[in-house]
Amino acid sequence: MLVVMKAQATEEQVRDVCRKIESLGFRAHPIPGAQRTAIGITGNQGALEAGTLEEMPGVGEVIRVSKPYKLVSRDVKPENSIIRFPNSHVAIGGRDVVIMAGPCSIESRDQAMTIAEQVARNGGHFLRGGAYKPRTSPYSFQGLGEEGLKIMAEVREQFGLLIVTEAVDNESLDLVEHYADMIQIGARNMQNFSLLKRAGRSRKPVLLKRGMSATLEELMMAAEYILSEGNYNVVLCERGVRTFADHTRNTLDLSIVPAVQRLSHLPILVDPSHGTGKRNKVLPLGRAAIAVGADGLIVEVHHDPDHALSDGEQSIRPDQFATLMSEVKQIAAVLDRGVVSPVSTLKPMFT
Ligand code: PEP
Ligand code: MN
């Protein structure tokens, strides 16, 4: 159910309606919009008796949301959500696109600093990099853990880049939440419901990657888990799905971008690195992702990809990253978008 307040409803009236909903044993999610506030109601198994709410001052209408996902839906919030970060001009989901870049794994302080400098110099906004790595083999490099998070925090100090990194379980989420600006939930955990709920109780924005065999509805429902716990700062990410194609690691499903944008107010990024698994396909698909309307990219960059401890074959080199940034800028302009201004005043190394 959704309570749509009148455009002229006061904050007091919104609060009263929320109180009423809570007193009936449900959870109220007031979501302010450009025109009016909508209040999503969760926790109700079936339809809630609308009568009492409809009569309350400031209430425009009470509508049933027939889709299984509610808070992520444009029914609740018609305009795009913009995810902001404290003390930063970087925002995701606005007019300008955002670029997250960095190694698959944080391998050492030197490695992270070298790559972060290149990302910052060339106009990237976030350093990505795993401190906790979900690996197919238990014998593969599993990440540096908290040490990796500390290195990333140092990178933020040094270059002004925001930090996005993956939490693989509740324990690592506690630490990621402490050190990072944004919590990544990986493809393999898209339906780890207890982890999603924990992320929903966090105050930090969440980057939710699509599971490798997840439908659009499953992705929406995963995001709904996070919002239903009270964290509305969720960014979705398409990172490729499993198909029979064997020329790529995954098939990057760019058509999900406009599909998500029709249904949901949440921003969506594209990961052309995991989405293709091949270095030579990252730039073409990165360009295509911007053209299709993504709010930005998350891309793997390594200064020595042949010796990377994970995903070297899909990591682009810093000079390729510089090219990508310049191409992204040009393609975004066609769509009347730009690239969020750099976080660093360091000059580009490759022009
Ligand atoms: C990653 O970003 O390094 C990663 C493991 O991504 P995904 O969860 O999409 O496989
Ligand atoms: Mn990776």
Side-chain angles (χ1 to χ4, degrees), residues 83-90 92 98-135 140-186 189 195 198-199 202-209 233 235 237 239 269 271 273-274 296-305 307-312 314-316 318 321 340 342-344 346:
I83 312 304
R84 298 181 195 281
F85 297 83
N87 309 317
S88 171
H89 67 276
V90 176
I92 308 176
V98 164
I99 307 297
M100 304 178 174
C104 178
S105 309
I106 301 297
E107 300 168 6
S108 69
R109 188 178 174 281
D110 272 3
Q111 175 250 19
M113 287 291 170
T114 305
I115 297 168
E117 179 175 347
Q118 296 296 339
V119 169
R121 278 187 187 281
N122 291 293
H125 309 101
F126 280 79
L127 182 78
R128 61 138 292 141
Y132 299 91
K133 295 306 302 178
R135 303 301 301 278
S140 301
F141 177 60
Q142 303 284 313
L144 296 180
E146 188 171 3
E147 183 53 33
L149 298 176
K150 288 185 178 159
I151 292 170
M152 294 188 98
E154 217 185 312
V155 161
R156 177 178 41 220
E157 279 302 303
Q158 179 92 16
F159 299 107
L161 292 164
L162 295 167
I163 300 303
V164 57
T165 189
E166 180 168 352
V168 292
D169 48 28
N170 286 5
E171 197 186 345
S172 55
L173 200 146
D174 290 344
L175 288 164
V176 167
E177 180 179 49
H178 176 72
Y179 289 100
D181 299 289
M182 190 170 203
I183 303 161
Q184 178 174 326
I185 303 289
N189 275 314
L195 189 61
R198 171 66 186 82
S202 175
R203 305 276 279 275
K204 294 269 168 88
V206 177
L207 179 66
L208 176 64
K209 299 189 89 176
N233 293 318
V235 176
C237 180
R239 48 77 73 206
L269 304 184
D271 174 348
S273 305
H274 294 87
L297 302 177
I298 177 165
V299 54
E300 288 183 340
V301 176
H302 202 291
H303 64 299
D304 183 11
H307 296 102
L309 293 183
S310 58
D311 284 352
Q314 67 190 32
S315 299
I316 56 173
F321 176 64
V340 169
V343 296
S344 162
L346 294 175

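All values derive from a computational prediction rather than experimental measurement. Values below: all heavy atoms of this structure, side chains included; hydrogens, waters and symmetry mates excluded.
Considering Lys204, Arg156, Arg84 as possible partners of Asp181, the one that fulfils the salt bridge (charged side-chain N to carboxylate O under 4.0 Å, His left out) test is Arg156. His302 pairs in a side-chain hydrogen bond (donor to acceptor under 3.5 Å, both in side chains) with only one of the listed residues (His307, Gln118, Glu107), which is Glu107.
In this structure, Met113 and Phe159 have side chains that are in contact, with non-hydrogen atoms separated by less than 4.5 Å.
If you take CG on Leu173 and OG on Ser202, they are separated by 6.0 Å, rounding to the nearest 0.5 Å. Between atom CG of residue Leu309 and atom NZ of residue Lys133 there is a gap of 11.0 Å, rounded to the nearest 0.5 Å. Distance check: Asp311 CG to Ser105 OG gives 7.0 Å after rounding to the nearest 0.5 Å. Atom-to-atom distance recorded for Leu149:CG and Ile163:CD1 is 9.5 Å, nearest 0.5 angstrom. Summarising the geometry, atom CD1 belonging to Ile185 is positioned 7.0 Å from atom CG belonging to Leu208; distances are rounded to the nearest 0.5 Å. Interatomic distance, CE of Met182 versus CG of Leu162, reported as 9.5 Å (0.5 Å rounding).
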Check against side-chain hydrogen bond (donor to acceptor under 3.5 Å, both in side chains), His274 and Glu300: CA-CA 8 Å; His274 294 87; Glu300 288 183 340; 3.2 Å; yes
Carefully, step by step, assess Ile298 and Phe126 under the rule side chain to side chain contact (heavy atoms under 4.5 Å, CB included). CA-CA 9 Å; Ile298 177 165; Phe126 280 79; over 6 Å; no
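A donor-acceptor contact shorter than 3.5 Å is absent between the side chain of Glu117 and the backbone of Leu346. At distances below 3.5 Å, not a single donor-acceptor pair connects side-chain atoms of Gln314 with backbone N or O atoms of Gly312. Although no hydrogens or angles enter the test, the distance criterion places no donor-acceptor pair under 3.5 Å between the side chain of Arg128 and the main chain of Val299. Listed for the His125 side chain is a donor-acceptor partner under 3.5 Å among the backbone atoms of Val340. For Thr165 (side chain) and Gly129 (main-chain N/O), a donor-acceptor pair under 3.5 Å exists by modelled atom type.
Salt-bridge formation is detected for the pair Asp174/Arg198: a Lys NZ or Arg NE/NH1/NH2 atom is positioned less than 4.0 Å from an Asp or Glu carboxylate oxygen.
Shown here for Phe321 and Ile99, the closest heavy-atom pair between the two residues is CE1-CG2, 3.7 Å.
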